[in-house]
Amino acid sequence: DSGVTQTPKHLITATGQRVTLRCSPRSGDLSVYWYQQSLDQGLQFLIQYYNGEERAKGNILERFSAQQFPDLHSELNLSSLELGDSALYFCASSVVRQGAEAFFGQGTRLTVV
Amino acid sequence: AQKVTQAQTEISVVEKEDVTLDCVYETRDTTYYLFWYKQPPSGELVFLIRRNSFDEQNEISGRYSWNFQKSTSSFNFTITASQVVDSAVYFCALSEASLGKIIFGKGTRLHILP
């Protein structure tokens, strides 16, 4: 158990809908990362937050947004969902140290039908 | 630009054979960090090792060993005497000190056949 908790584990929704994925980082970790894993794209970095502030951005679509709250949990919002958004979404967290390894949650499997 | 290449998409070996997973990276930073992660069939991502750019010492942990060579921008991973439980997708990753984000290669799917 990595200590990173993601909910829900599975989500099935229709095209055009909006969903929110939730992540609780390991105790003491201030940095949170979101990744998308699809079959053909591997693990794609979406966005990183550090202590509530956006730190780095990857190829995150405009339909997607994220935030990190004062209690350090993070949410990834996906809107106007398309079939191609079906993927495994991972959250990871790390301590505040240069080059710190990230510990991953179990992921949320999103299926858009 | 930050990039990680794992040229081997899929490898199959028979149990007890040694296997090496290749990883080549690109970065403009002089300070960077390299990682290996394992993703077993259950789906979670498990951290295996972290290396910084100033430490080229090879590392061994049980049946696992890692060879870091800055001259060839490679960070290869060898499993000795492979076991069926080693079957998984293995990801190499890179983090630049200036950016912080961790970028992953596309992974190598390893099948250990009994």
Side-chain angles (χ1 to χ4, degrees), chain A residues 1-6 8-10 23 25-26 29-51 53-60 66 68 87-111, chain B residues 1-10 21 23 25 27 29-56 59 61 66 68 75 77 88-109:
Chain A
D1 183 1
S2 67
V4 179
T5 304
Q6 287 187 250
K9 284 195 171 59
H10 302 276
C23 170
R26 291 187 322 159
D29 286 358
L30 296 182
S31 250
V32 168
Y33 309 74
W34 285 98
Y35 289 83
Q36 179 192 57
Q37 185 178 31
S38 50
L39 282 174
D40 56 345
Q41 291 293 323
L43 264 168
Q44 294 290 310
F45 170 74
L46 296 178
I47 199 162
Q48 179 194 4
Y49 280 84
Y50 164 61
N51 204 19
E53 300 289 326
E54 183 184 302
R55 175 137 198 261
K57 213 166 183 174
N59 297 326
I60 186 166
Q68 186 179 27
L88 193 50
Y89 290 84
F90 282 107
C91 169
S93 72
S94 72
V95 297
V96 177
R97 183 187 76 221
Q98 196 180 74
E101 61 272 26
F103 291 89
F104 283 75
Q106 300 266 19
T108 293
R109 168 77 63 189
L110 173 67
T111 304
Chain B
Q2 199 179 2
K3 188 178 177 183
V4 176
T5 302
Q6 296 180 254
Q8 304 150 308
T9 307
E10 202 157 342
L21 309 183
C23 172
Y25 61 91
T27 177
D29 273 20
T30 53
T31 303
Y32 53 89
Y33 303 84
L34 296 163
F35 309 86
W36 276 94
Y37 284 81
K38 174 181 179 179
Q39 186 175 38
S42 50
E44 74 272 24
L45 277 154
V46 179
F47 165 73
L48 295 177
I49 189 171
R50 167 186 180 270
R51 216 73 183 131
N52 74 55
S53 53
F54 299 108
D55 182 3
E56 284 194 75
E59 179 149 345
S61 175
W66 291 269
F68 175 30
F75 185 43
F77 173 29
V89 180
Y90 291 87
F91 291 95
C92 180
L94 165 70
S95 171
E96 292 174 338
S98 58
L99 294 177
K101 62 184 179 182
I102 303 175
I103 299 299
F104 285 77
K106 290 197 180 292
T108 297
R109 185 175 297 276

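Residue numbering restarts at 1 for every chain, and letters A, B, ... go by the order of the sequence lines.
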Subject >> Selection from A/A100, A/G105, A/S94 maximising heavy-atom pairs under 4.5 Å formed with chain B >> reply: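 Top option by heavy-atom pairs under 4.5 Å: A/A100.
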
Tell me the closest heavy-atom pair linking [X] and [Y], and the distance in Å.
X: A/E101; Y: B/F47; answer: CB-CE1, 3.3 Å
X: B/A97; Y: A/R55; answer: O-NH2, 4.3 Å
X: A/Q37; Y: B/F91; answer: NE2-CZ, 3.5 Å
X: B/S95; Y: A/G99; answer: OG-CA, 4.4 Å
X: B/I102; Y: A/F45; answer: O-CB, 4.2 Å
X: A/F90; Y: B/Q39; answer: CZ-NE2, 3.6 Å

**OP:** Output all residues satisfying ring pair (Phe, Tyr, Trp, His ring centres under 6.0 Å) with B/F104, sequence neighbours left out; order by chain, then residue number.
**Re:**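 Applying ring pair (Phe, Tyr, Trp, His ring centres under 6.0 Å) to B/F104 gives A/Y35, A/F104, B/Y37.
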
**OP:** Please list all pairs passing the side-chain hydrogen bond (donor to acceptor under 3.5 Å, both in side chains) test where one or both residues lie in residues 42-51 of chain B, with sequence neighbours left out.
**Re:**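 Non-adjacent pairs meeting side-chain hydrogen bond (donor to acceptor under 3.5 Å, both in side chains): B/S42-B/E44, B/R51-B/D55, B/R51-B/E59.
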
**OP:** Against chain A, label B/Y32 side chain, backbone, both or neither, depending on which of its atoms sit under 4.5 Å from a heavy atom there.
**Re:**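 The answer is neither part of B/Y32.
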
Original post:
Given that the side chain runs from C-beta out, which part of B/E96 has a heavy atom under 4.5 Å from chain A: side chain, backbone, both or neither?
Top reply: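 Neither; nothing under 4.5 Å.
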
**OP:** Answer yes or no: are there more than 12 heavy-atom neighbours, outside B/E10 itself, under 6.0 Å from its atom CD?
**Re:**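 Yes, CD of B/E10 has more than 12 neighbouring heavy atoms, counting only those of other groups under 6.0 Å.
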
**OP:** Find out whether B/T31 and A/Q98 are in side-chain contact, i.e. whether some heavy atom of one side chain is under 4.5 Å from a heavy atom of the other.
**Re:**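 The answer is yes, as the side chains (C-beta and beyond) meet within the 4.5 Å cut-off.
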
